[in-house]
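Notes to accompany the following structure.
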Amino acid sequence: MTLATEKPTTSLNKFEKIKAEKDGLDVKNQLEDFAQMGWEAIDASDRDYRLKWLGVFFRPVTPGQFMVRMRIPHGVMNSLQMRVLAEIVERYPDDGNADITTRQNLQLRGIRIEDIPDIFNRFKAAGMTSVQSGMDNVRNITGSPVSGIDKHELIDTQELVQKVQDMITNTGEGNPAFTNLPRKFNIAIGGCPDNSIHAEINDIAFIPAYTNGEIGFNVLVGGFFSAKRCEAAIPLNVWVPPNDDVVELCRAILEIYRDNGPRANRQKSRLMWLIDEWGVEKFRAEVEKKVEKPLAEAAEKDEIVWEKRDHLGVFPQKQAGLNFVGFNVPVGRLFAPDMFELARLAEVYGNGEIRLTVEQNVLIPNIPDSRLEALWQEPILEKFRIDPAPLTRSLVSCTGSQFCNFALIETKNRALALVQELEAELEIPKTVRIHWTGCPNSCGQPQVAEIGLMGTKTRKNGKTVEGVDLYMGGKVGKDAHLGSCVQKGIPCEDLKPVLRQLLVEQFEAKLKPGIAHAM
Ligand code: SRM
Ligand code: SF4
């Protein structure tokens, strides 16, 4: 193994040095001490960086109030788990909340370090973990939110996703084999025909494909977004059956990346940079060597043949008499009472299961036909609508400056207020996917949106103001491709008329009566 950590630490960049000096996971044994000493006294490298190996993020914007990023594999959880998380967030009435993330996951906010040991015990008792969810680790593994219940799915991927997570995290205990990757890493496993996982933006993606009449996966590699470069994943020319071969292929690719991935420059360390250096043929050959058996060539065509569904509304499941209901959670923001309420709805109407989507929304599955009428009367449907207005419906936003120190602008609150104003002024015949992201790191994925807005600083009347770069043309589902920047530096205060004009000219929106003067 040729880990960069074997080099003298003086030649390493800041993050490689931090990892070489002490493994991120080592802080696991120090949590009681950290809780005793309080956040201000913790060694800065442990507090600001290594704690992220346990999913605990110091927030310079709100010092002392940490964020905890869970792992919710496949976005599938149950009401008991949701209630545990609600109870944790509820401890912090002033600043506690939870965000559904663009990786089908939850992040808890307001967390105090003195509560972490107890919180981790609660996670464990409820079968949850936040381990290895930040820094140079594999992020939450995504899958179709309707896996196992969708009439049209080709492969139920839930068990596979769990197995891959267990391999990477040592069943949630933490796995030193994968705590020192050159950079973050994303995996998605999709068994559906509509690419609900955004396969193209993952370092490894599995997409359904038939070979000789057998369903399995074609494999894509190297997709990523970063401030300096964004790339769609490319075919590895490999087909794997939907069994442990998927787990072994992930393990092989991760080991190859860990041992050979470029580490000198953090902006050039994602998997695609290694594939560039080697060429995809050599990369494939190394993977084959690692799994110690020949890999089948990719199937000629994949089975991503649908436009992407957003799963909002009510849909019959493949199980007769049962339905899943998709609720819109505006910009993914939940508070403790919302979380308790979702847990209650899942128990009263379904079987307790709750699912999260990469669009930052919630599904409750397994609701019998006979219970639907009663569900429609629940007051929470006013807040989390199943038939939201056309822009709110597809709105996605990253965290932004409220909590994220990389942010160049405020995102979530602004994004929601703006689409609500536009919906008040326009008749919009179909949903338009608008994604906001607070900086070029692209956590809000503006490149997959029809209208993407990336935070920037710009000048207006001689002053520096919050602005956005406008992205257009992101296509999801079948024939997915990334959008690109079409206009730079629009001051946020001037954005509404720009979007209104775009919606009218390119998305068939019409001004509502009485507001024509506003154009
Ligand atoms: Fe992200 C860093 C939030 C999905 C690309 N991302 C961050 C940090 C951790 C920065 C920080 O320490 O403050 C943000 C935490 C802010 C906070 O307090 O919430 C952050 N990223 C998010 C989330 C919460 C956005 C959201 O509101 O949903 C998403 C969490 C997903 C999860 O559950 O794990 C999130 N981040 C993404 C995605 C989208 C995706 O995975 O589909 C991307 C682009 C795809 C990719 O990674 O290739 C993304 N985040 C980044 C990057 C740029 C990575 C790079 O290679 O340069 C950074 C910065 C970094 O890693 O240095 C970053
Ligand atoms: Fe923070 Fe930038 Fe990611 Fe938004 S895109 S969460 S502002 S790092």
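Heavy-atom basis, side chains included; hydrogens, waters and symmetry copies ignored. Counting convention: from 1, in listed order, for ligands and their atoms alike. Numbering of residues begins at 1 and proceeds along the displayed sequence.
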Are K52 and D46 within salt-bridge range, i.e. N to O under 4.0 Å?
no
For the residue pair N195 and K308, confirm or rule out a side-chain donor-acceptor distance under 3.5 Å.
no
Flag side-chain contact, heavy atom, 4.5 Å: L25 against N175
no
Residues which pass salt bridge (Lys or Arg N to Asp or Glu O under 4.0 Å) with E173, listed by chain and number, not counting sequence neighbours:
K28, K124
Answer yes if the ring centres of F57 and F66 are under 6.0 angstrom apart, and no otherwise.
no
Would you check if the distance from the ring center of F384 to the ring center of F327 is below 6.0 Å?
no
Residue and atom names of protein N/O/S atoms that fall under 2.8 Å from atom 1 (Fe) of ligand 1:
C443 SG
Proximity of H198 to ligand 1 by residue part, where a heavy atom lies under 4.0 Å
neither
Taking NZ, NE, NH1 and NH2 as the nitrogens, is one of them in D150 or R309 under 4.0 Å from a carboxylate oxygen of the other?
yes
Taking distance alone, with no angle check, do R139 and ligand 1 share an N/O pair under 3.5 Å?
no
Counting non-hydrogen protein atoms only, what is the nearest one to atom 56 (O) of ligand 1? Give residue, atom name and distance.
R270 NH1, 2.8 Å
Counting from 1 in the order shown, the ligand 1 atoms closer than 4.0 Å to a non-hydrogen atom of C404 are 13 (O), 16 (C)
Should R109 be counted as touching ligand 1, given the test is an N or O pair under 3.5 Å?
yes
Heavy-atom nearest neighbour in the protein, as seen from atom 3 (C) of ligand 1, with distance rounded to 0.1 Å
R69 NH2, 3.6 Å
Closest non-hydrogen contact found for L108 with M70 is CD1-SD, 4.2 Å
So, regarding S226 and ligand 1 (criterion: nitrogen or oxygen to nitrogen or oxygen, under 3.5 Å), is there a contact or not?
no
Just jot down the ring-ring contact (aromatic ring centres under 6.0 Å, His included) partners of W278, sequence neighbours excluded, or say none.
none
Nearest heavy atom to atom 24 (C) of ligand 1 wins, so pick from R183, Q107, Q402.
Q107
Atom 3 (Fe) of ligand 2: which protein N, O or S atoms are under 2.8 Å away?
C443 SG
K460, NZ: over 12 other non-hydrogen atoms inside 6.0 angstrom
yes
Nearest to atom 16 (C) of ligand 1 by heavy atom, Q104, R59, M67: which?
R59
